Amino acid sequence: MTEPARARAAVPLLHRPVTVHVWEDIVFAHWRHDPESLARLVPRGTRPDVVDGSAWAGLSAYVFRETRVPPFPPSGRLGTMTEVTIEILTIDDHGRRGVAYRTVDTANVPAIVAAHALLGVPYTFAHARARRRGDTIAHHSVRHPARALHPIRWLRGHGTRPGGTVQPRHEATVRVVAGPAVDTPLATELTTREGIHARHLAQTVFWQRQHPPLEIRSARLERLEGDLPDAVGMPGLLDRAPDSLLVVDRTTVRYGWGDVVR
């Protein structure tokens with residue numbers, strides 16, 4: 001791992017952690033973009049981070065386990081879930097390299113409520129699941145917009161409109177085969193970010209992220225499809241193979257309050 005990225009991952013949290021998670025079976029797929037094409041999609045006070053001559057949008061997917069909200073022990077309700085995200089790599093005027101999530105799709109309702117109320121991270125209800133067999137890792141998410149906004153109404157209507165038509169769905173599927181270890185500046189820049197840039201209460205805030213140096217692996221794509229990016233203003237993102245595809249088997253991530261960006 002390059003030294004700047006190693007130092008970035010190891011920076012102590014400025015404040016005590018608000019959440020601690022084990023991440024497993026992490027897939028990072030990233031695409032090169034022109035910075036101007038992504039500028040309108042990132043929070044005020046940030047801009048797309050240019051890495052290796054390009055701005056980057058991505059899909060990441062992983063399994064959360066052993067979630068803790070210090071000083072409390074691991075929570076059964078928040079403990080294990082699959083998350084599928086659409087994201088943009090960002091940087092702010094302080095030089096902090098983060099990620100801005102366009103969506104984080106998961107089936108864990110308490111996590112959705114907490115993320116919206118406390119963090120400003122755009123979690124959305126979806127049926128998200130993961131499966132791993134050997135080095136083959138698969139993640140799938142399918143959301144029903146009506147259920148995400150009004151879950152009780154959706155259940156009463158069984159997912160249909162009054163005329164009997166099926167509610168629109170947005171989904172994403174990725175399946176990869178993890179390969180050998182990779183240690184390049186690009187791989188570390190795409191996977192090791194200092195935190196999250198998010199909009200909360202009309203402000204852009206920064207949540208600091210800390211984890212051990214990542215053991216990054218290359219990956220071979222077996223399947224990638226879906227229209228989830230269409231729902232968050234990034235149509236066609238999954239229509240071509242990613243420019244970078246990486247896997248991390250496991251790490252422990254700690255989040256803490258950073259500050260207000262703007």
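Since we're looking at a predicted model, the values are computed, not measured. The first residue of the sequence shown is numbered 1, and numbering continues consecutively from there.
Scanning all heavy atoms of the two residues, the minimum distance from L237 to G58 falls at CD2-O, 4.4 Å. Across H200 and A117, no two heavy atoms sit closer than the pair CE1-O, 3.1 Å. The minimum heavy-atom distance between L14 and Q208, with the atom names listed, is N-OE1, 2.9 Å. In this structure, L190 and S244 approach most closely via the heavy-atom pair CD1-OG, 3.3 Å. Scanning both residues, V27 and I137, for their nearest heavy atoms gives CG2-CG2, 4.0 Å. In plain terms, the two heavy atoms of P35 and A55 that are nearest each other are CA-CB, 3.7 Å.
Put simply, I91 and L186 are part of two different groups of oily side chains (I, L, V, M, F, W, Y) that touch within less than 4.5 Å, one to the next. Follow the hydrophobic side-chain contacts under 4.5 Å out from V232 and you never reach F125; the two are in separate clusters. Linking ILVMFWY residues whenever their side-chain heavy atoms come closer than 4.5 Å, directly or via other members, places F64 and V109 in the same cluster. V42 and Y101 are members of different hydrophobic clusters when ILVMFWY side chains are connected at heavy-atom separations under 4.5 Å. A single hydrophobic cluster is seen to contain both Y123 and I196, as judged by linkage of ILVMFWY side chains at heavy-atom distances under 4.5 Å, directly or through other members.
Looking at Q210, its side chain does come within 3.5 Å of a backbone N or O of V11 through a donor-acceptor pair. Here the side chain of T103 pairs no donor or acceptor atom with the backbone of I86 at under 3.5 angstrom. With hydrogens and angles ignored, the 3.5 Å screen pairs a side-chain donor or acceptor of E194 with a backbone N or O of R97. Here the side chain of W56 pairs a donor or acceptor atom with the backbone of S54 at under 3.5 angstrom. Not a single donor-acceptor pair under 3.5 Å links the side chain of E83 to the backbone N or O of S60.
L38 places a side-chain heavy atom less than 4.5 Å from the side chain of M234. Taking 4.5 Å as the limit, some side-chain heavy atom of H139 sits within range of a side-chain heavy atom of V63. Looking only at side-chain heavy atoms (C-beta outward), R209 and V253 come within less than 4.5 Å of each other. With a 4.5 Å cut-off on side-chain heavy atoms, S141 and T82 do not count as touching. Residues T252 and V20 have side chains in contact (heavy-atom distance under 4.5 Å, counting atoms from C-beta outward).
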Please report the C-alpha distance between I112 and T106 in whole Å, then the side-chain angles of each, then the deciding distance to 0.1 Å, and finally whether the side chain to side chain contact (heavy atoms under 4.5 Å, CB included) criterion is met.
-> CA-CA 8 Å; I112 293 170; T106 185; 3.8 Å; yes

I would like to know whether R102 and I88 meet side chain to side chain contact (heavy atoms under 4.5 Å, CB included); could you show each step before the answer?
-> CA-CA 8 Å; R102 297 295 294 167; I88 298 170; 4.3 Å; yes

Going through the distances and angles, do V121 and H116 end up as a side chain to side chain contact (heavy atoms under 4.5 Å, CB included)?
-> CA-CA 6 Å; V121 178; H116 277 274; over 6 Å; no

Worked verdict on E222 versus T136 for side-chain hydrogen bond (donor to acceptor under 3.5 Å, both in side chains) = CA-CA 9 Å; E222 286 201 337; T136 300; 5.0 Å; no

Can E225 and E171 be said to form a side chain to side chain contact (heavy atoms under 4.5 Å, CB included), step by step?
-> CA-CA 8 Å; E225 60 186 20; E171 56 189 314; over 6 Å; no

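A salt bridge links D249 with R132: the distance from a Lys NZ or Arg NE/NH1/NH2 to an Asp or Glu carboxylate oxygen falls below 4.0 Å. Electrostatic pairing of R217 and E215 does not count as a salt bridge here, judged by no charged N lying under 4.0 Å from a carboxylate O. Using a 4.0 Å cut-off between charged side-chain N and carboxylate O, D92 and R262 make no salt bridge.
Applying the ring pair (Phe, Tyr, Trp, His ring centres under 6.0 Å) rule to pairs touching residues 27-47 yields nothing, sequence neighbours excluded.
The aromatic rings of H197 and F206 sit tilted relative to each other, their planes meeting at an angle between 30° and 60°. Taking the six-membered ring where the residue is Trp, Y62 and W23 present parallel rings, their angle staying beneath 30° rather than reaching 60°.
Sparse packing is recorded around CZ of R131, with 12 or fewer heavy atoms of other residues, nucleotides or ligands lying under 6.0 Å away. Within 6.0 Å of the CZ atom in R240, the count of heavy atoms belonging to other residues, nucleotides or ligands exceeds 12.
The structure places CZ of R193 at 10.0 Å from OG1 of T188, a figure rounded to the nearest 0.5 Å.
Applying the side chain to side chain donor-acceptor pair (under 3.5 Å) test between R96 and each of T46, D259, D49 identifies D259 as the sole match.
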